[in-house]
Asks: 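Could you have a look at this structure, given as structure tokens, before my questions?
Computed from a predicted structure; not experimentally measured. Atom set for the values below is all heavy atoms of this structure, side chains included, hydrogens, waters and symmetry mates excluded.
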Amino acid sequence: MIYSLLTAFLFLAMIAAGVVIVVYNYTVARRRTGKKRVHVAVPASLIAAGVLLVALIPGSFHTVDAGTVAVVKQMGVISGVEEPGTYFDFWLVRKYETYDAKVQQVEINMDAYTSDAQSMDISMVVQFQIRQDNVEEIALNYGGLEALTNRIQSVAIERTKATLSQYQAEKLIEERNTISPTVEREISVAIGDKYYVTFNSAVLTDITFSAAFEDAVEAKMMAQQEKLQAQYENEKKKEQAETALYVAEQEARAIVAKAQAEADSSVALAQADARAIMLKSVEIARMLGYVVKEDRVEATEESEAQTLYTIVFDETHTGQDIAEYMKYIEYLSKWDGKLPQVVGDGSGFMITIPKPDTQA
């Protein structure tokens with residue numbers, strides 16, 4: 001800053017000296033000639049001073065734009081760093097080299113190989129930003145931002161290839177969306193604090209394999225999909241078969257249950273009929289003078305309490321009359337009340353009984 005002030009003061013002094021010389025020459029010339037016409041030496045001095053000022057003054061104004069910093073070199077030696085602003089320095093002695101301090105975006109295209117020797121084309125974007133406090137070191141070690149950018153690009157390419165070479169092609173395709181953070185982490189570690197920059201990001205924008213490999217992968221995926229479809233259809237058929245079997249089993253069980261219920265009902269009905277016949281037989285036996293004994297059976301978990309009857313038979317009461325009486329009662333229960341139209345007496349004669357007159 002002090003040097004800039006001194007330089008500006010020197011130029012002002014030169015301008016003042018030039019003006020004084022021009023005015024002096026002009027005054028002296030008028031006195032000698034006594035005329036108003038200016039001597040030829042006066043415009044020549046003015047022209048020389050003007051040319052000198054035009055050559056020195058405009059080139060000595062240096063503007064550092066916003067988002068940039070400038071490394072100032074005096075006679076080729078770095079003398080400092082200037083922030084955004086306008087400065088006046090003699091351009092023949094001091095030069096300003098501008099460095100972009102904004103985020104740098106580098107687009108990189110490269111070819112790489114997977115662990116199973118499949119070739120691929122990689123596209124990626126790397127972003128970084130120089131550290132303004134280290135601009136002098138960048139100027140000393142790399143001479144400019146372009147050389148530093150090339151170095152960052154070389155590191156990014158080397159780490160990307162090394163990372164992707166650890167994956168098989170098919171695995172890389174499966175994890176294509178998650179591999180970019182891994183690459184970014186590797187590049188960030190490799191750059192670290194070595195290159196006077198702040199690493200921001202590295203994004204894989206595209207990974208392209210050869211057409212033959214892409215076709216092979218697509219064919220394999222289609223085969224896998226067909227296999228999964230076949231497995232799904234087989235599972236579906238199996239489920240349908242199991243469902244049909246289950247329905248058939250349930251229907252069979254329902255039929256068996258129905259048959260069992262009908263059988264149980266028939267058994268219960270038969271038991272009820274048998275008990276009814278037994279009770280009728282007991283009643284008839286008592287009516288005909290038989291001795292009937294009763295035996296009381298207590299209730300259990302499987303049966304209710306009931307009375308068992310025993311008919312006592314002897315020479316007089318053989319049970320034949322009970323059977324005949326039962327047949328008679330059975331006959332009466334089934335008779336419709338109509339007399340037969342033909343009656344035989346066993347001698348070969350038949351008597352026809354006329355039908356009653358239903359018209360009367």
Side-chain angles (χ1 to χ4, degrees), residues 221-360:
M221 293 180 63
M222 291 181 61
Q224 291 177 347
Q225 290 296 325
E226 292 175 356
K227 182 179 179 180
L228 292 175
Q229 182 65 25
Q231 291 178 351
Y232 169 76
E233 293 178 356
N234 291 336
E235 291 293 332
K236 187 175 181 180
K237 290 179 180 178
K238 183 179 178 181
E239 290 178 359
Q240 292 175 348
E242 290 177 351
T243 302
L245 178 61
Y246 175 77
V247 172
E249 289 177 350
Q250 294 301 315
E251 291 178 350
R253 290 178 181 176
I255 294 173
V256 171
K258 182 179 180 181
Q260 184 65 40
E262 292 177 352
D264 293 341
S265 177
S266 298
V267 170
L269 183 61
Q271 290 176 348
D273 291 342
R275 185 163 181 79
I277 293 173
M278 181 195 70
L279 293 175
K280 288 181 180 179
S281 300
V282 170
E283 291 177 2
I284 293 172
R286 285 175 176 171
M287 183 183 64
L288 295 177
Y290 283 79
V291 176
V292 179
K293 296 180 180 180
E294 297 182 2
D295 186 12
R296 182 69 177 177
V297 179
E298 298 297 332
T300 63
E301 294 181 357
E302 298 179 354
S303 62
E304 298 178 354
Q306 59 181 347
T307 303
L308 300 180
Y309 299 92
T310 303
I311 301 174
V312 180
F313 298 99
D314 53 24
E315 294 179 356
T316 305
H317 302 84
T318 60
Q320 184 66 30
D321 50 352
I322 297 175
E324 292 295 334
Y325 203 87
M326 289 290 294
K327 290 180 180 180
Y328 176 70
I329 292 174
E330 182 70 17
Y331 173 74
L332 289 178
S333 66
K334 296 181 179 181
W335 184 45
D336 57 1
K338 297 180 180 179
L339 295 174
Q341 297 180 2
V342 178
V343 179
D345 60 356
S347 60
F349 293 96
M350 293 185 299
I351 301 173
T352 302
I353 300 175
K355 296 182 179 178
D357 189 4
T358 57
Q359 297 178 357

Asks: Rounded to the nearest 0.5 Å, how far does CZ of Phe313 lie from CD of Gln320?
Replies: 10.5 Å
Asks: Please report the interatomic distance CD1(Ile255) to CD(Gln260), rounded to the nearest 0.5 Å.
Replies: 14.0 Å
Asks: Would you find a donor on one side and an acceptor on the other, under 3.5 Å apart, between the side chain of Ser265 and the backbone of Ala261?
Replies: no
Asks: Rounded at 0.5 Å granularity, tell me how far CE in Met287 sits from NZ in Lys280.
Replies: 12.5 Å
Asks: Quick one: CD on Glu242 to CD on Glu249, what's the gap to the nearest 0.5 Å?
Replies: 10.5 Å
Asks: How far does NZ of Lys236 sit from CD of Glu233, to the nearest 0.5 angstrom?
Replies: 8.0 Å
Asks: Can you name the nearest heavy-atom pair linking Ile311 to Val292, along with the distance?
Replies: CG1-CG2, 4.3 Å
